[in-house]
Amino acid sequence: MPRIILTGDRPTGRLHIGHYVGSLRPRVQLQNSGEFDKILIMIADAQALTDNADHPEKVRQNIMEVALDYLSVGIDPKIATIFIQSQIAELTELTFYYMNLVTVSRVQRNPTVKAEIQMRNFEASIPVGFFTYPISQASDITAFKATDVPVGEDQKPMLEQTSEIVHKFNSIYGDVLVDPNIILPKNDACLRLPGTDGKAKMSKSLGNCIYLSDSEADIKAKVMSMFTDPNHLKVSDPGNLDGNTVFTYLDAFCNDEHFEKYLPEYKNLDELKAHYQRGGLGDMKVKKFLNSIIQAELEPIRNRRKEFEGNIDYVYNILKEGCAKARDIASQTLKEVKSAMKLNFFDNSEYLDELHKRFGK
Ligand code: TRP
């Protein structure tokens, strides 16, 4: 069986370093591993509209921001197909059939949907489209026969629902759909990078994100004002690592070479952590180290982004070609699905033969 990756993001804003360590960087590694036969990356504008019906312009504008972020982190359009969800009509058709395989109470139990309903104060007025987006996400995944879906931990419930739909479909209609694997980030810090203020979630409205497109000065200001241990007042005080955002970021970003280059007094992060816990290591020094690392990682990304911004026709064509390619694949799967469901009345003589048997020629 060919190994196929499908993943995506809602275009509701520029991507930040939480997206970077949790999903973009691993995607580039998977892409460059050469282990996959096909890689598809979807800009999920239709899904973004399920809770942004009033803000179509925001979604429309962010499609290009996300595409630029993809290309600048190293997604290679020669290897990966980047496409826009709304352009693949087949996905909505699949969703309509899958809806019959899922109960309302099952969707209500989806923990991510539950949390999102609360976060958006939707309780009394949940848009039906939003409520059913996990089913549409099952279409996104199965339309491309994805075997592997690299996503953040919050997407686990979507993958579980997808598996259930796959099993139900295959048991009723025959083996057509592929049951996908989830690929989660390997390290805990990457799984859930907190905001610079130490809050669990990075969000635009909280102003606690470092964006991939932030300037050098912005990054520095954000790192220098990061949340650490509030009881670590004097350099000589012993410091606490729990919930200390600077160290969580180091867990996500730093390796031993960074020490050699920027902080040779220490061999590795364990040594630095031990010194901090013992006392005698100031926050400023650790923040400066983190700043050097993040700057080194984001500078080439920012520069590539500028290049792509100056070559927007090229990016436009990548999306256009990506959509055509994605549509070919999805329409092939939809054909198989409809034929398994015997909804292919005019594709062959089966239906007419059946009618002849019932009604005579
Ligand atoms: N739900 C994902 C998010 O909020 C986006 C998404 C839509 C997706 N369809 C997908 C991710 C299919 C993986 C596979 O970011």
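What's counted below: heavy atoms across the whole structure, side chains too, no hydrogens, waters or symmetry copies. For the single chain, residues carry numbers from 1 onward in sequence order. Atoms within a ligand are numbered from 1 in the order they appear, just like the ligands themselves.
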Task: Pair Glu299 + Lys306, salt bridge at N-O below 4.0 Å - done: no
Task: Ring centres under 6.0 angstrom apart (Phe308, Tyr70) - done: no
Open item on the list: Considering non-hydrogen atoms of the protein only, which is the closest contact for atom 9 (N) of ligand 1, and what is the distance?
Closed with: Asp140 OD2, 2.8 Å
TODO: Please work out whether any backbone atom (N, CA, C, O) or any side-chain heavy atom from C-beta onward of Gln85 is under 4.0 Å from ligand 1, and answer side chain, backbone, both or neither.
DONE: neither
Task: Nearest-option assignment for atom 8 (C) of ligand 1, heavy atoms, candidates Met158, Gln137, Gln47 - done: Gln137
Task: Polar contact flag for Thr7 and ligand 1 (N/O pairs, less than 3.5 Å) - done: no
Open item on the list: If I apply the N/O under 3.5 Å rule, does Arg10 come out as touching ligand 1?
Closed with: yes
Only heavy atoms of [X], strictly under 4.0 Å: list the atoms of ligand 1 that pass.
X	result
Gln155	1 (N), 2 (C), 3 (C), 4 (O)
Met42	7 (C), 9 (N), 10 (C)
Val151	11 (C), 13 (C)
Ala44	7 (C)
Leu6	12 (C), 14 (C)

- [ ] Supply the members, apart from Met119, of the Ile/Leu/Val/Met/Phe/Trp/Tyr cluster built from side-chain contacts under 4.5 Å; use none for a lone residue.
- [x] none
Open item on the list: Whether Arg10 engages the ring of Tyr133 as a cation-pi pair (distance to the six-membered ring centre under 6.0 angstrom, angle to the ring normal within 45°) should be assessed.
Closed with: yes
Open item on the list: Quick check with a 6.0 Å cut-off and a 45 degree axis cone: is Arg302 positioned over the face of Tyr211's six-membered ring?
Closed with: no
Task: side chain to side chain contact (heavy atoms under 4.5 Å, CB included) partner of Leu263, chosen from Lys267, Glu265, Glu260 - done: Glu265
Open item on the list: Run the side-chain contact (heavy atoms from CB on, under 4.5 Å) test on Ile210 and His16 for me, step by step, so that the C-alpha distance in whole Å, both residues' side-chain angles and the decisive distance to 0.1 Å come before the verdict.
Closed with: CA-CA 6 Å; Ile210 297 176; His16 52 61; 5.9 Å; no
